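Below is one structure, written out as structure tokens; comments come after it.
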Amino acid sequence: QVELVESGGGSVQAGDSLRLSCTGVGRTFSTFQMGWFRQAPGGEREFVALIAWYDGNTYYGDSVKGRFTISRSDAENTVYLQMNSLKPEDTAVYYCAATRRLTQNPLAYDYWGQGTHVTVSS
């Protein structure tokens with residue numbers, strides 16, 4: 001069974017940091033673009049970050065630029081999202097996902113994790 005397993009979510013105060021992890025199980029994701037998305041209660045799924053497999057280029061949503069950093073370890077089949085200077089508006093369920101295409105469109109992603117909750121209190 002192929003799946004992505006996220007971890008690292010939790011409840012923090014504004015200004016704190018968290019690091020999310022997403023590990024692939026059942027296949028290697030070294031030739032996939034890996035992305036992070038988030039969905040707040042009542043909201044749509046929002047693009048957060050993407051890392052390309054072939055050159056390691058990274059892309060970020062405007063709301064997280066300068067605060068979040070995506071990285072990957074192909075040896076560990078894992079992608080990370082380092083989140084600094086967290087704000088209450090970052091509160092959401094965070095999902096990692098994998099796609100063959102270089103895109104921010106969630107519809108193009110083939111594999112999804114189950115999500116991990118992040119709550120930021122003011």
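Predicted, not measured: the structure shown is a model, and the values here were computed from it.
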Flag, side chain of N77 to backbone of T23, donor-acceptor distance under 3.5 Å: no
Residues which pass side chain to side chain donor-acceptor pair (under 3.5 Å) with R100, listed by chain and number, not counting sequence neighbours: T31
Shared hydrophobic cluster for Y109 and L81 (ILVMFWY, side-chain gaps under 4.5 Å): no
T78 side chain to E76 backbone, donor-acceptor under 3.5 Å: yes
Smallest separation among heavy atoms of A108 and T103, with atom names: CB-CG2, 3.5 Å
Co-membership, hydrophobic cluster, residues V12 and V64, 4.5 Å side-chain: yes
Enclosure of R101 CZ (heavy-atom neighbours >12, cutoff 6.0 Å): no
Y95 with V25, same ILVMFWY side-chain cluster at under 4.5 Å: no
Test side chain to side chain contact (heavy atoms under 4.5 Å, CB included) applied to F68 and L86, step by step: CA-CA 9 Å; F68 291 11; L86 282 162; 3.9 Å; yes
Identify every side-chain donor-acceptor pair in residues 110-122 under 3.5 Å, counting partners at least two apart or on other chains, and give the distances.
residue: Q114; atom: NE2; partner: E6; partner atom: O; Å: 3.3
residue: T116; atom: OG1; partner: G9; partner atom: N; Å: 3.2

Counterpart residues, side chain to side chain donor-acceptor pair (under 3.5 Å), relative to Y59 (two or more places apart): none
Residue pair L18 / G8: nearest heavy atoms and the distance that separates them: CD2-O, 3.7 Å
Which residues share a side chain to side chain donor-acceptor pair (under 3.5 Å) with R67, sequence neighbours left out: D90
Contact check, side chains of T99 and F29, non-hydrogen atoms, under 4.5 Å: no
Which atom of K65 lies closest to which atom of Y60, heavy atoms considered: CE-O, 3.3 Å
Nearest-0.5 Å distance that lies between atom CZ in F37 and atom CG in L50: 7.5 Å
Side chain to side chain, W36 and I70, heavy atoms closer than 4.5 Å: yes
Heavy-atom check, side chain of S17 versus side chain of Q82, under 4.5 Å: yes
Heavy-atom closest pair, residues P88 and A14: CD-CB, 4.1 Å
Non-hydrogen side-chain atoms of Y80 and R19 separated by less than 4.5 Å: yes
Set of side chain to side chain donor-acceptor pair (under 3.5 Å) partners for Y94, sequence neighbours left out: R38
Closest heavy-atom pair and its distance - R72, W53: NH1-CA, 3.4 Å
ILVMFWY cluster, F32 and V48 together (side-chain gap under 4.5 Å): yes
Minimum heavy-atom distance Q33-A52, with the two atoms named: OE1-CA, 3.1 Å
E89: partners by side-chain contact (heavy atoms from CB on, under 4.5 Å), with sequence neighbours left out: K87
